[in-house]
There are 4 protein chains.
Amino acid sequence: MSKPREEKYHAILDAATEAFAEYGYYTCQVSKIAKLAGVADGTIYLYFKNKEDILVSLFSDRMGRFIQEIRRSIVQCQTTQERIFCIIRTHFKQMQENRSLAVVTQIELRQSDPKIREAISGPLREYFHLIEQVLAEGVEKQEIVLPDVKIGRQMFFGTLDAVISDWVSSKKPRALEGTEDLVFNLMRGAFKISEA
Amino acid sequence: MSKPREEKYHAILDAATEAFAEYGYYTCQVSKIAKLAGVADGTIYLYFKNKEDILVSLFSDRMGRFIQEIRRSIVQCQTTQERIFCIIRTHFKQMQENRSLAVVTQIELRQSDPKIREAISGPLREYFHLIEQVLAEGVEKQEIVLPDVKIGRQMFFGTLDAVISDWVSSKKPRALEGTEDLVFNLMRGAFKISEA
Amino acid sequence: MSKPREEKYHAILDAATEAFAEYGYYTCQVSKIAKLAGVADGTIYLYFKNKEDILVSLFSDRMGRFIQEIRRSIVQCQTTQERIFCIIRTHFKQMQENRSLAVVTQIELRQSDPKIREAISGPLREYFHLIEQVLAEGVEKQEIVLPDVKIGRQMFFGTLDAVISDWVSSKKPRALEGTEDLVFNLMRGAFKISEA
Amino acid sequence: MSKPREEKYHAILDAATEAFAEYGYYTCQVSKIAKLAGVADGTIYLYFKNKEDILVSLFSDRMGRFIQEIRRSIVQCQTTQERIFCIIRTHFKQMQENRSLAVVTQIELRQSDPKIREAISGPLREYFHLIEQVLAEGVEKQEIVLPDVKIGRQMFFGTLDAVISDWVSSKKPRALEGTEDLVFNLMRGAFKISEA
DNA sequence: AATGAATGAGAATTCATTCAT
DNA sequence: TATGAATGAATTCTCATTCAT
């Protein structure tokens, strides 16, 4: 992809993130995204197959970066305990830095339209897999106690997700500060990580 | 409300639950609900103000029963530990008994349309409040250790929600069996409940 | 028609007059008429074939009485001059006594729906004919000067109609008082009636 | 407004005039106007807010031109007598040249829907005002005798309106020919204009 | 590539009319 | 006769998508 083309592509994706976050996928007209991106309605269709494609691309692009960032952050960690904390912190940090992404994630994670669900499930599953890897490794190294890795991941992700959900709903922008430690403490208990 | 009227009201609500679960709120036409309920399109509007009102009524009706059932189940419990287990079990049981409700809950919990969000937030907040009450009482009675009740609720609900979400996505109908104990064990760790 | 049946028939017609006057024919739902008449929606259809039939019956019934009253009033008149004044006064009096009828007349006189026009034209033509008779007789008896009776009727009726139209639009209920003489004076000039 | 845009705007207005004249406002579907204008249904809404807006725009546009034409025609007149005749002739001429407009005017002048009435009243009042000005000036210059200008206008306009109404109802297209003089003669009598 | 006017399929909702009670 | 719940045809308007410029 050429440089200016790529720029416009991302401009549209940025605009869509904002617009979907504000109005929701179905309530948001394509023309709104176009206006926000500073392009004509028709231009959208030079970059995306249709409205659904915008959502899917958006999700996979943003979620891809998101996961990459998480990955990058945990490679430096020595222990499972550190990795868990690292994921919590990086997850929160990224959501906080991009509130619109957080909103879109919250919203679109649960679309029932089967086509959209399918398209979205890829990146999400990747994240789940990453978390499960960390947990499985911890179990193997006896750094955590966890009878069932999947349930562990569900608790871990579910907790982060619920925290973000509340944060997104409330209008207080600072609410995530200091939450990391609280969450981590709960996880430590759940995973039987000794205080040490 | 007279008997037959009430019956039709619930028939429509049931149909809407199925239809929304299958197609999603926006993708599901009112006529689909009507057909499923065995009534004419226009009849819907004798019972509900508009499509949104169906969703809101549905959620508040179903969520109302849901919470009531949870309440009923925990009054018999002696300890916080029992209450926590009870909520897990009743939550799962009800979702399992009414998969469509589970789907709709998953979907609509995250609607971004502000009007819908607002309407839906009531019953949900009530459930959150209920959970927080149980946790707060446990802290007070020193039956659990929990530095922050809100985070505790987020973890608790988030975990249940994530489990349901996975269950709903997968098509295995038995997947929830035996999950209660696994979840409870994690919670016990997180809340520092001694093994007894 | 039996007594109670006739009563209900007129109750519906009265209600329709009010309702059409307030909302207009198309904007007024049949159910509004029913409620105003104190009967069930379905009952309307025991007395009238359909909504249009209500309008037509209403117009022909009311206009029939209207014309009859005009007729009754002019039989006592000796001269054309008196008859003309009599029509003006009786026309205004009746409109004033039944403002809703005035409104409905104003509105429905000009419906473009061909079916309705046709149905309404009967009674109206009868009134036109009556006026033209009076004028023709006046010409014959040389009590008035009028080269063309039809134009004379158009002017005469058009004037009354325009006055009523203004009166109906304005909210002042007394605006018709004293108008009779002014109108009559204009007519006297137009018809070259000597001051005598 | 650009050239082609303006053209389409007027094409729709022309089509609406025809369609409303034939079917009446309520009985005429927007799709009928679209078909007549040779555009897609949706296109209508690029030029007008909604159906009502078409009617209102139509009326104000057409009535605006109508009044302007009347104004233009009377500036050349020397006396009130001439002005009165001029209005009669120009009024008739324009209606005759645009029968659909005449029909629509007849119809919509009497809409009872309050919103429509309000929107329509503007241009109509302007015409009334113009007539009253001519009459008042005539009184002042002692060219006519008229105790009440408003009643005079009501008679004048009411007469023209009734003539047009009859002409529109009848299907004879030539019926307005020669009517001007007859009407003018009546007015001359009513306003006590000497034969000179 | 970019535009944005035009398209027309689609959907929610209304309401005159029917009919079982 | 009277009811009023139920019907479903009909209609306005929206908006994703296309295509001539």
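Residues C:Phe20 and C:Val103 fail the side-chain proximity criterion, which asks for heavy atoms closer than 4.5 Å. At least one side-chain heavy atom of B:Tyr26 sits less than 4.5 Å from a side-chain heavy atom of A:Thr27.
Overall bending of the helix from E:dA2-F:dT21 to E:dT21-F:dA2, expressed as the angle between end axes built from five pairs apiece, is 10° (10° steps).
Formation of a donor-acceptor pair under 3.5 Å by the A:Lys51 side chain with backbone atoms of A:Tyr25 is found in this model. For the pair B:Tyr47 (side chain) and B:His10 (backbone), a donor-acceptor distance under 3.5 Å is absent.
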* After noting the C-alpha distance and the side-chain angles of C:Lys8 and C:Leu46, does the key distance pass the side chain to side chain contact (heavy atoms under 4.5 Å, CB included) rule? -> CA-CA 10 Å; C:Lys8 204 162 276 189; C:Leu46 299 173; over 6 Å; no
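Under the rule for a salt bridge (Lys or Arg N to Asp or Glu O under 4.0 Å), C:Glu7 has no partner lying at least two apart in sequence or in another chain. With sequence neighbours excluded, no residue forms a side-chain hydrogen bond (donor to acceptor under 3.5 Å, both in side chains) with D:Thr43.
In this structure, D:Lys51 atom NZ and E:dT14 atom C1' are separated by 14 Å, rounded to whole Å. Atom OH in B:Tyr26 sits roughly 14 Å away from atom C1' in F:dT14 (whole-Å rounding). One atom, NZ of D:Lys49, and another, C1' of F:dC13, lie 13 Å apart when rounded to the nearest Å. Rounding to whole angstrom units, CZ of residue D:Phe48 and P of F:dC13 are separated by 13 Å. The nearest whole Å value for the distance from the CG atom in B:Asp53 to the C1' atom in E:dA12 is 14 Å. Rounded to an integer number of Å, the gap from D:Tyr23 OH to F:dA10 P is 16 Å. Rounded to an integer number of Å, the gap from C:Ile33 CD1 to E:dT17 P is 11 Å.
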* Let me have a per-nucleotide readout for nucleotides 2-7 of chain E, 5' to 3', with B, S or -, counting only protein heavy atoms under 4.0 Å. => BBB-BB
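Nucleotides of DNA chain F nearest to D:Glu52 and A:Asn50 differ in position, and the one nearer the 5' end is that of D:Glu52.
Sorted by first and then second residue, the side-chain hydrogen bond (donor to acceptor under 3.5 Å, both in side chains) pairs with a member in residues 30-41 of chain B read B:Gln29-B:Lys32; sequence neighbours excluded.
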Please list, one pair per line, the donor and acceptor atoms closer than 3.5 Å that link side chains of residues 53-63 of chain C to other protein atoms, with sequence neighbours excluded.
residue, atom, partner, partner atom, Å
C:Asp53, OD1, C:Ser57, OG, 3.2
C:Asp53, OD2, C:Lys49, N, 2.9
C:Ser57, OG, C:Asp53, O, 2.6
C:Asp61, OD1, C:Arg65, NE, 2.9
C:Arg62, NH2, C:Asp14, OD1, 2.2

